[in-house]
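Single-structure report; data block below.
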Amino acid sequence: MTSILSPLTNIYRTPPRSTPALFRRHATSFFYPQVLMIVFAASRLAKRGRYGSADWVRSSLNTIRALESVGGRFEIENMLAVRRLDSACVFIANHMSVLETFVLPCLIQPHRDVTFVVKESLIAYPFFKHVMRSRDPVVVGRTNPRQDLRAVLDGGRKLLERNVSVVIFPQTTRSVDFNPANFNTLGVKLALRANVPVVPVALKTDAWGLGRKLKDFGRICPEKTVHICFGEPLRIEGSGKETHNKVVDFIQGKLKAWRYGNGEGLKANG
């Protein structure tokens, strides 16, 4: 399978390029048709049972290229943390926009089989539902915490036992603000039960904005660099509280380094 990075590269940065001013000025109008075509093509294959891991990686990589085509920039750090994994793991990330669901597959799947914990509405979404169902995700309703806990711990453990890693976004909803109080411990609990490491993932993906009427389709802002950084794997010790705190600290530290918001805002949210 194709990866965005060569086997020896640890960091990816979008190469310098000249993007037509028209594309940058009307990035939203040029980006979404490309993404809809990517999803439509993937959905056709998935409905026929022909959408495999290599196709998923290709769709994911094409989404990166689509954002770059309208002037978007990516900076992806510490891919070696993924390549060096010798077992399945739980990737624990903050959740800022739809973009990470599209982009993470081409960064992880070429090296480790992976799927997501997703909310129920995603597997009912037109066209995209066929793609998501084909990846055998863990589905949660987000209305009954107890049922969601059981679904993640039971379904997630079965996947991890099959050597399939799991990406989980512990926030209650997508947000450009990172509030540790809304960042639950479900990912750490799953890793503890399955006896696998966790890998923290810090994301700044607000280049794909949140919409007012349709949350998934906000304004595309190519002037905002997309940042993704993988942390080193962490083994769970004791109850997992210390590991959870390390994940939170990693994400907060990266967001500050990327100058997301301001120090006072992050402190207030913490």
Side-chain angles (χ1 to χ4, degrees), residues 77-78 81 89-101 103-104 107-108 114-122 137-153 155-157 160 165-194 196-206 208-210 215 226-270:
E77 304 172 65
N78 200 25
C89 72
V90 179
F91 292 94
I92 304 178
N94 61 306
H95 201 10
M96 194 172 286
S97 76
V98 182
L99 185 60
E100 46 261 31
T101 310
V103 167
L104 287 175
L107 305 180
I108 300 172
V114 69
T115 192
F116 288 80
V117 174
V118 299
K119 58 184 180 180
E120 199 169 20
S121 60
L122 271 184
V138 178
V139 182
V140 295
R142 293 287 175 88
T143 56
N144 187 321
R146 184 170 295 181
Q147 287 183 359
D148 289 349
L149 175 64
R150 188 179 304 115
V152 172
L153 294 185
R157 183 174 65 176
L160 290 162
S165 295
V166 176
V167 178
I168 185 168
F169 304 111
Q171 289 171 233
T172 53
T173 187
R174 279 169 284 159
S175 175
V176 295
D177 298 314
F178 180 69
N179 187 346
N182 296 330
F183 198 78
N184 65 51
T185 60
L186 196 48
V188 170
K189 288 176 180 175
L190 171 59
L192 181 61
R193 172 169 286 202
V196 299
V198 301
V199 173
V201 187
L203 302 164
K204 183 179 181 298
T205 59
D206 54 342
W208 185 325
L210 301 177
K215 194 171 184 178
V226 176
H227 291 277
I228 300 172
C229 184
F230 294 93
E232 294 300 320
L234 302 170
R235 280 286 174 184
I236 312 296
E237 297 179 358
S239 66
K241 182 178 180 180
E242 183 179 347
T243 304
H244 176 76
N245 290 337
K246 287 181 180 179
V247 172
V248 169
D249 289 345
F250 175 81
I251 292 172
Q252 278 193 314
K254 281 297 176 181
L255 291 176
K256 288 180 180 179
W258 296 328
R259 303 189 182 193
Y260 165 67
N262 57 63
E264 291 302 315
L266 286 169
K267 186 176 181 181
N269 284 338

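Shortest non-hydrogen contact noted between F183 and A93 is CE1-O, 3.6 Å. Residues M96 and L203 share a closest heavy-atom pair of CE-O, 3.6 Å. Considering every non-hydrogen atom in both V138 and V152, the closest pair reads CG1-CA, 3.9 Å. The minimum heavy-atom distance linking R157 with L190 is given by the pair N-CD1, 3.5 Å. Heavy-atom minimum distance, P170 versus I92: CG-CG2, 3.5 Å. The two atoms that bring P200 and E232 nearest to each other are CD-O, 3.5 Å, heavy atoms only.
Listed for the S97 side chain is no donor-acceptor partner under 3.5 Å among the backbone atoms of D206. Between the side chain of N78 and the main chain of F230, a donor-acceptor pair closer than 3.5 Å is present.
Rounded to the nearest 0.5 angstrom, L153 CG and R193 CZ are separated by 4.5 Å. Within the model, atoms CG of L149 and CG of N144 stand 10.0 Å from one another, a figure rounded to the nearest 0.5 Å. Between atom CH2 of residue W258 and atom NZ of residue K204 there is a gap of 9.0 Å, rounded to the nearest 0.5 Å. The distance from atom CG of D177 to atom CG of L255, rounded to the nearest 0.5 Å, is 10.0 Å. The CZ atom of R235 sits 10.5 Å away from the OG1 atom of T243 when rounded to the nearest 0.5 Å. Distance check: T115 OG1 to I168 CD1 gives 12.0 Å after rounding to the nearest 0.5 Å.
Here the side chains of V98 and R174 are in contact, with some heavy-atom distance below 4.5 Å. Counting heavy atoms from C-beta on, the side chains of E100 and W208 never come closer than 4.5 Å.
Within a 6.0 Å sphere centred on NZ of K215, other residues, nucleotides and ligands contribute more than 12 heavy atoms.
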(Q) Evaluate Q171 against N179 for side chain to side chain contact (heavy atoms under 4.5 Å, CB included), listing each step before the verdict. (A) CA-CA 8 Å; Q171 289 171 233; N179 187 346; over 6 Å; no
(Q) Run F116 and L104 through side chain to side chain contact (heavy atoms under 4.5 Å, CB included) and show every step you take. (A) CA-CA 10 Å; F116 288 80; L104 287 175; 4.1 Å; yes
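Put simply, the residue from T185, V198, I236 that forms a side chain to side chain contact (heavy atoms under 4.5 Å, CB included) with L192 is I236.
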